[in-house]
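Below is one structure, written out as structure tokens; the observations come after it.
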Amino acid sequence: MAGKYRCPQCKTNRTRFNLLEQVPKPVKLDAHTGDIIKEYVSGETEPFHMAYNGPHIRVQCAACGLVESEQTFQAYGQLP
């Protein structure tokens with residue numbers, strides 16, 4: 001988290017944000033019941049089970065509730 005933030009939706013909030021840490025949990029589900037059959041340990045997944053490669057941090061505006069990538073809030077924070 002470096003740089004200024006500003007919400008691209010409400011356009012006024014520059015100070016109140018929630019940082020959402022995304023912690024992936026790889027699992028295998030039963031197709032019929034939705035129950036968890038297996039929880040994988042990091043690096044132990046089966047073939048065709050792609051590892052999560054999304055952002056570690058997402059940002060939520062604490063004024064309007066918009067959730068976007070950190071880069072979106074940072075880019076809008078650089079505007080006058």
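We count residues from 1, following the sequence as given. Note that this is a predicted model, so its numbers are computed, not measured.
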(request) To the nearest 0.5 Å, tell me how far Leu66 CG sits from Cys7 SG. (result) 5.0 Å
Distance-only check: which donor-acceptor pairs under 3.5 Å involve side-chain atoms of residues 33-41, not counting sequence neighbours?
| unit_1 | atom_1 | unit_2 | atom_2 | d |
| --- | --- | --- | --- | --- |
| Thr33 | OG1 | Asp30 | OD1 | 3.3 |
| Thr33 | OG1 | Asp35 | N | 3.2 |
| Thr33 | OG1 | Asp35 | OD2 | 3.2 |
| Tyr40 | OH | Glu46 | OE1 | 3.2 |
| Tyr40 | OH | Glu46 | OE2 | 3.4 |

(message) Holding to side chain to side chain donor-acceptor pair (under 3.5 Å), I want the full list of residues that pass it with Glu44, two or more places apart in sequence or in another chain.
(response) none
(request) Step by step, work out the side chain to side chain contact (heavy atoms under 4.5 Å, CB included) result for Ser69 and Val59. (result) CA-CA 6 Å; Ser69 71; Val59 178; over 6 Å; no
(request) Heavy atoms only: give me the nearest Lys11-Pro8 pair and the separation to one decimal. (result) NZ-O, 3.3 Å
(request) Test side chain to side chain contact (heavy atoms under 4.5 Å, CB included) on Val67 and Leu20 and set out the steps. (result) CA-CA 9 Å; Val67 177; Leu20 311 172; 3.9 Å; yes
(message) Between Glu68 and Arg58 (side chain of the first, backbone of the second, donor and acceptor by atom type, cut-off under 3.5 Å), is there such a pair?
(response) no
(message) To the closest 0.5 Å, what do you measure between NZ (Lys28) and OG1 (Thr45)?
(response) 11.5 Å
(request) Evaluate the criterion side chain to side chain contact (heavy atoms under 4.5 Å, CB included) for residue pair Asn13 and Arg6; output intermediate values, then yes/no. (result) CA-CA 6 Å; Asn13 181 23; Arg6 186 166 84 176; over 6 Å; no
(request) Would you check if His49 and Pro26 make a side-chain contact, meaning some heavy-atom pair closer than 4.5 Å? (result) yes
(request) Check step by step if side chain to side chain contact (heavy atoms under 4.5 Å, CB included) holds for Tyr5 and Leu19. (result) CA-CA 12 Å; Tyr5 285 175; Leu19 299 179; 4.0 Å; yes
(request) Locate the shortest heavy-atom distance separating Pro55 from Gln22; write the atom from each residue and the value. (result) O-NE2, 2.8 Å
(request) Find the distance between CZ (Arg14) and OH (Tyr76) and round it off to the nearest 0.5 Å. (result) 9.0 Å
